[in-house]
Amino acid sequence: MGITIVNDHKVSDIDATLQAEEWDNVNVNYGAPRATADRVVELFEGKTDVRILDVAAGTGLLGEALYRVGFRSMDALDANENMLALAKEKNVYGRLIQDFLGTNRLDIEDGVYDATVMCGGFLEGHVKCDCLEELIRVVKPGGFVVISMREVNLRKVPEYRNLEPRMAALQSEGCWEQVSRDIFPDYCEGEDGIIFDLYFVPSRPAFTVLSTPWGVMFCPKMSERFQAIGEELRTGKYDLVSLQEVFTDDMYRKLVYLVSDVLPYHHYFYSGWTGSGVCVFSKHPIADVCQHQFTLNGQPDDIRKVELDWFGGSLVGLCRIQYSGTEINLYAAHTHAAHTVTASDLSVYEAHRVSQAFEINQFIRFTGRSADLNILTGDLNFQPWELGLKIIQSDSGMEDAWLTAEHKKADDSGVTSGHPENNFTASGDLVERIDYILYKGSAGYRVKCVHCKTTMHKVPGKPFNYSDHEGVLAHFELEKVSGPRDAQSKPLDLSERDASLRQAVQILEEKMVSAASSRLFYMAVLLLCLLLMLPITHLPLHYIVTSLINLLLGLLIGWSFWMSVVVLETEKRGLLATKAGMEALLKASEMKNK
């Protein structure tokens, strides 16, 4: 006779006369079925017309919980005949399957179920880790495996210490992708439980993309956070990784060392004085690289902040990835922040920001035409409704993975900056979604975002976060198509693009006026300093004082000359270049519409 689970205790030789309602009384403090059922609802986003296999079903407590939230097509699997008899009395299951779960092949065809769900099966002396492949086999491509268990068993039961490494190994083999790993309270009798959600990767090409800014230099816990990010990346969960704010070569080289076994291909986009901070890691070969440094990158005279954009040379970089017979263009970018107090404020950097958005758009359009898939990642510093993001999307045709994903967790807000639970969030920080994964397929390949989520929050076992921003993770599927261009490649509606460009041209023109005023200010400072230098030498002051005043005036003269003649003139030409590019597109649209 088999062994099964009731209230997470090992039971054998069950008395067949024991009634189901007595088992229910035993399990009044067993919160796992309800929590597991709620998770299944989240994964299918309220859709209940799916087929589920309840594994190690016992008396059917999980089946009952699933039935209460709307699921009707369920089968039960358990090794214990008497337990299945009690489960049958619940009247929630279709097929009842009596069999052991392990390396043996169940009497179930491949890909039958939308989800296999196991609640409480991983208990000492019961189901072993070697069952995972069979849980995958019976799930449809694109389905889910949901496992809930006592959290403490991962540490205390020798068999289950290998559970997560085995899950990671299956992920590295391309069998599935972990959607989430959540600890929840009141699993059973006050003990914590843990739920694993795993997405079954279909046979068509599929891969996971991670984008995260890890946090600028000199921030708290820099060394510990940096080590933690490296350890997370080398778990093998990710196919393509885009990082921002990796500002030193030593930081980048250390990351390369930490992740080289699982992400052997990598590239750093060198730029500016401090470095762009943008780099890419990949499981798959990088065939080619290219980069474009933004024409406008803020100003060096901003005393309100360390202007890393100007000194670092912010850019958009491209790595061309060879993946499963396809060509993927992975773009990584970090644009200028708004530095506004409220979301409705117009940034003094708005002209630079829309210029950068336009250059990203142009770079993707001109380099992405031959790719099977284009993906843009990074801290774009635009909220979804802002002009810059509209410019990027309206002309490139790229979609937001967060908005188009088939599956998202109900409690995931998508916020990436200023998250209230991030310990680096300061009072007054705006709560924003400004980090993105955007994508576009091609005539030859249809791309689907299966799930998207924010990730890399708190470092496990530590009181601090990986970064001041949350990471963004998206899982994509590629499918080769033939025949006419599909919906993803349909001609773009340029009316929205043109409206955005007209608004941007106005912002650029206003900035040119203010830049001219700034040049006059610096020229006035320069002339004033020159006029002051002559009388200073005739004042009855100690020569050391006179020398110091002359040195200060000399520095002001040099700074004013550099700002007015070099920096602001360069800004003016950058504004003119962006404006000319936008007007060329607007003129072409007008000619086309005539």
Side-chain angles (χ1 to χ4, degrees), residues 140-142 170-177 199-211 233 236-243 259 262-267 269 279-291 316-333 360-361 363-378 392-393 396-402 404-407 436-452 472-490 492:
K140 297 175 183 177
L170 288 170
Q171 179 158 309
S172 66
E173 294 168 13
C175 297
W176 59 14
E177 296 286 349
Y199 167 73
F200 173 36
V201 176
S203 57
R204 69 176 69 102
F207 55 93
T208 301
V209 180
L210 171 71
S211 175
L233 296 186
K237 298 176 184 177
Y238 315 106
D239 290 278
L240 305 175
V241 177
S242 165
L243 297 178
V259 307
V262 293
L263 298 167
Y265 306 98
H266 46 83
H267 183 77
F269 295 99
C279 56
V280 166
F281 293 85
S282 173
K283 277 186 180 179
H284 313 286
I286 297 175
D288 202 0
V289 295
C290 183
Q291 67 187 60
V316 54
L318 162 63
C319 285
R320 186 157 290 167
I321 311 291
Q322 299 296 325
Y323 171 70
S324 190
T326 64
E327 187 175 276
I328 299 174
N329 278 4
L330 179 66
Y331 298 90
I360 290 173
N361 176 299
F363 188 65
I364 293 173
R365 285 202 307 118
F366 283 107
T367 60
R369 291 170 179 168
S370 64
D372 298 308
L373 171 62
N374 291 310
I375 301 174
L376 171 63
T377 64
I392 292 172
Q393 289 189 268
S396 66
M398 305 196 89
E399 297 184 89
D400 186 345
W402 177 259
T404 60
E406 291 186 347
H407 302 286
Y436 295 89
I437 297 176
L438 307 179
Y439 69 97
K440 182 184 179 183
S442 63
Y445 280 86
R446 181 183 297 113
V447 60
K448 177 173 69 174
C449 182
V450 180
H451 66 81
C452 185
V472 181
L473 181 144
H475 184 91
F476 294 102
E477 288 179 9
L478 274 173
E479 182 180 4
K480 190 173 180 62
V481 296
S482 58
R485 295 167 69 90
D486 66 352
Q488 291 188 79
S489 301
K490 65 183 179 181
L492 296 171

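Since we're looking at a predicted model, the values are computed, not measured. One-based numbering along the sequence shown.
- Residues Lys448 and Glu406 are paired through a salt bridge, judged by an N-O separation under 4.0 Å between the basic side chain and the carboxylate.
- Residues His266 and Pro264 come closest through the heavy atom pair CD2-O, 3.5 Å.
- Counting all heavy atoms, side chain and backbone alike, Val481 lies closest to Ala443 at CG2-O, 3.2 Å.
- Under the side-chain contact (heavy atoms from CB on, under 4.5 Å) rule, Ile437 has a single partner from Leu473, Val472, Leu376, which is Val472.
- Taken to the nearest 0.5 Å, the CG atom of Leu243 stands 4.5 Å off from the SG atom of Cys279.
- The closest side-chain heavy-atom distance from Asp239 to Ile321 is not below 4.5 Å.
- Rounding to the nearest 0.5 Å places OH of Tyr439 at 4.5 Å from CD of Glu399.
- Atom OH in Tyr445 sits 10.5 Å away from atom CD in Glu479 (nearest 0.5 Å).
- With contacts defined as side-chain heavy-atom distances shorter than 4.5 Å, the pair Phe269/Cys319 qualifies.
- Once rounded to the nearest 0.5 Å, the distance linking SG of Cys449 with CG of Asp400 reads 9.0 Å.
- For the atom pair CD1 of Ile375 and NZ of Lys440, the computed distance is 14.0 Å after rounding to the nearest 0.5 Å.
- Under the 4.5 Å side-chain criterion, counting only non-hydrogen atoms from C-beta, Tyr331 is not in contact with Ile360.
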Show the numbers, then the answer: is there a side chain to side chain contact (heavy atoms under 4.5 Å, CB included) between Gln171 and Glu177?
CA-CA 6 Å; Gln171 179 158 309; Glu177 296 286 349; 3.3 Å; yes
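- Between Asn361 and Ser396 the shortest heavy-atom distance is ND2-N, 3.5 Å.
- Proximity of Leu240 to Tyr323: side-chain heavy atoms (C-beta onward) are nowhere separated by under 4.5 Å.
- With a 4.5 Å cut-off on side-chain heavy atoms, His284 and Thr326 do not count as touching.
- The two atoms that bring Lys283 and Tyr238 nearest to each other are CE-O, 3.2 Å, heavy atoms only.
- In this structure, CD in Gln291 is found 12.5 Å from OG1 in Thr367, a value given to the nearest 0.5 Å.
- Not a single donor-acceptor pair under 3.5 Å links the side chain of Asn374 to the backbone N or O of Ile364.
- Contact check for Asp372 versus Leu478: no side-chain heavy atoms found under the 4.5 Å cut-off.
- Under the rule for a ring pair (Phe, Tyr, Trp, His ring centres under 6.0 Å), the partners of His451 that lie at least two apart in sequence or sit in another chain are Tyr199, His475.
- A salt bridge (Lys or Arg N to Asp or Glu O under 4.0 Å) check over residues 316-331, counting only residues at least two apart or in different chains, returns the pairs Arg320-Glu327.
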